[in-house]
**Q** 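Mind having a look at this structure? Questions to follow.
Worth knowing before you read on, the calculation uses all heavy atoms, side chains too, and leaves out hydrogens, waters and symmetry mates. In this chain, residues are counted from 1 in sequence order. Quick caveat, the model's predicted, so the values are computed rather than measured.
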Amino acid sequence: MPPPQTPVWLAGALMLAALITVVALTTAVKVRWIIPALAGVAGAGALADAVGRSVTAADLESSWWLVLVAGQAWPALAGVAALAAAGYTIVGKPGADLAWGLAGVAMALMAGLTRFGSFTSALTPTPWPGEVTRAMVLVTLGIGVGLAAAAFIFIRRQPHPSAG
């Protein structure tokens, strides 16, 4: 099998990150549900990828749960953090922008960049086709970077408490 077109997948992740950043910064308050929806999609993708890698790596002597906890804990926790940030944002808690920003960083680093090999290898360690795995990594990385960048810009735009 030939390896995937790495530059195409990387460009897709970067374009998605730029699009997410722009959408998150320009979205009207009435449709702020877009941000938690994006965090939820990326979190679900990170969890699905971690579980898929665990199921594939499990052998007859160990359960996939053990492999998930032992070998896929950080990507799985990044997915859970994104889902929690989505819920936190939906209920309108203060500091939600920081929550989805931190979840974006966690997803980008722990469930996105750590899976960069999916963009370079023909075979991926998941039970589904490589294109599906690459799409999940693209979504997790792109949305993670986009939410992190948007949160950084959004928080920097807020007036400083001591400035008033």
**Q** Of all the heavy-atom pairs spanning P75 and A50, show the shortest one and how long it is.
**A**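 That would be CB-CB, 4.3 Å.
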**Q** Between L10 and L16, is there shared hydrophobic-cluster membership here, with clusters defined by ILVMFWY side-chain heavy atoms closer than 4.5 Å?
**A**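 Both belong to a single hydrophobic cluster.
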**Q** For a side chain to side chain contact (heavy atoms under 4.5 Å, CB included) with P36, tell me which candidate from T89, V41, L83 qualifies.
**A**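 Of all the options given, the one that passes is T89.
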**Q** Nearest heavy-atom pair of A76 and L47: which atoms, and what distance?
**A**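 Nearest heavy atoms, A76 then L47: O-CD2, 3.5 Å.
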**Q** Determine whether F116 and T6 make a side-chain contact, defined as any pair of heavy atoms from C-beta on separated by less than 4.5 Å.
**A**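 Of all side-chain heavy-atom pairs linking T6 with F116, at least one is under 4.5 Å.
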**Q** How far apart are the closest heavy atoms of A99 and A85, and which atoms are they?
**A**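 Reported closest heavy-atom pair: O-CB, 3.6 Å.
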**Q** CG of L14 to CG of L141: how many Å apart, nearest 0.5 Å?
**A**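 CG of L141 is found 7.5 Å from CG of L14.
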**Q** Tell me whether Y88 contacts the main-chain N or O of G95 through its side chain, where contact means a donor paired with an acceptor under 3.5 Å.
**A**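 Checking the backbone N and O of G95 against the side chain of Y88, no donor-acceptor pair under 3.5 Å is found.
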**Q** Nearest heavy-atom pair of I20 and G142: which atoms, and what distance?
**A**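 Looking at all heavy atoms of both residues, the closest pair is CG1-O, 4.5 Å.
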**Q** I'd like to check V55 versus T126 (side-chain heavy atoms, cut-off strictly below 4.5 Å). Are they in contact?
**A**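 A side-chain contact under 4.5 Å is absent here.
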**Q** Roughly how far, to the nearest 0.5 Å, is CG of L138 from CD1 of I143?
**A**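 The distance works out to 9.0 Å.
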**Q** Should V139 and L19 be counted in the same cluster of Ile, Leu, Val, Met, Phe, Trp and Tyr side chains packed under 4.5 Å apart?
**A**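 V139 and L19: one cluster.
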**Q** So do the side chains of L77 and M110 get within less than 4.5 Å of each other, counting heavy atoms only?
**A**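 No - every pair of side-chain heavy atoms lies 4.5 Å or more apart.
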**Q** Check whether I35 and V145 end up in the same hydrophobic cluster, where Ile, Leu, Val, Met, Phe, Trp and Tyr are linked by side-chain heavy atoms less than 4.5 Å apart.
**A**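 I35 and V145: one cluster.
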**Q** Of the non-hydrogen atoms in A86 and G40, which two are nearest, and what is the gap between them?
**A**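 Reported closest heavy-atom pair: CB-N, 4.0 Å.
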**Q** Taking I90 as the starting point, is it possible to reach W100 by hopping between hydrophobic residues whose side chains are less than 4.5 Å apart?
**A**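 In one cluster with W100: I90, no.
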**Q** Tell me the closest heavy-atom pair linking A111 and A46, and the distance in Å.
**A**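 Heavy atoms only, the tightest pair is CB-CB, 3.7 Å.
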**Q** Parallel, tilted or perpendicular, judged at 30° and 60°: which one describes the rings of F119 and W9?
**A**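 Rings of F119 and W9: parallel, under 30°.
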**Q** Once salt bridge (charged side-chain N to carboxylate O under 4.0 Å, His left out) is applied, what residue pairs with a partner in residues 121-143 remain, sequence neighbours excluded?
**A**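 Checked against salt bridge (charged side-chain N to carboxylate O under 4.0 Å, His left out) - neighbours excluded - the pairs reaching residues 121-143 are E131-R134.
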**Q** Flag yes if M107 and L102 sit in one hydrophobic cluster, no otherwise; membership is Ile, Leu, Val, Met, Phe, Trp, Tyr, and two members link when side-chain heavy atoms are under 4.5 Å apart.
**A**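 No; L102 is not reachable from M107 via cluster members.
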**Q** Going by the side chain to side chain donor-acceptor pair (under 3.5 Å) test, which pairs reach into residues 108-117, not counting sequence neighbours?
**A**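 Residue pairs passing side chain to side chain donor-acceptor pair (under 3.5 Å), neighbours aside: D49-R115, Q72-R115.
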**Q** Spell out, as yes or no, whether a donor-acceptor pair under 3.5 Å connects the side chain of T124 to the backbone of S118.
**A**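 Answer holds: no.
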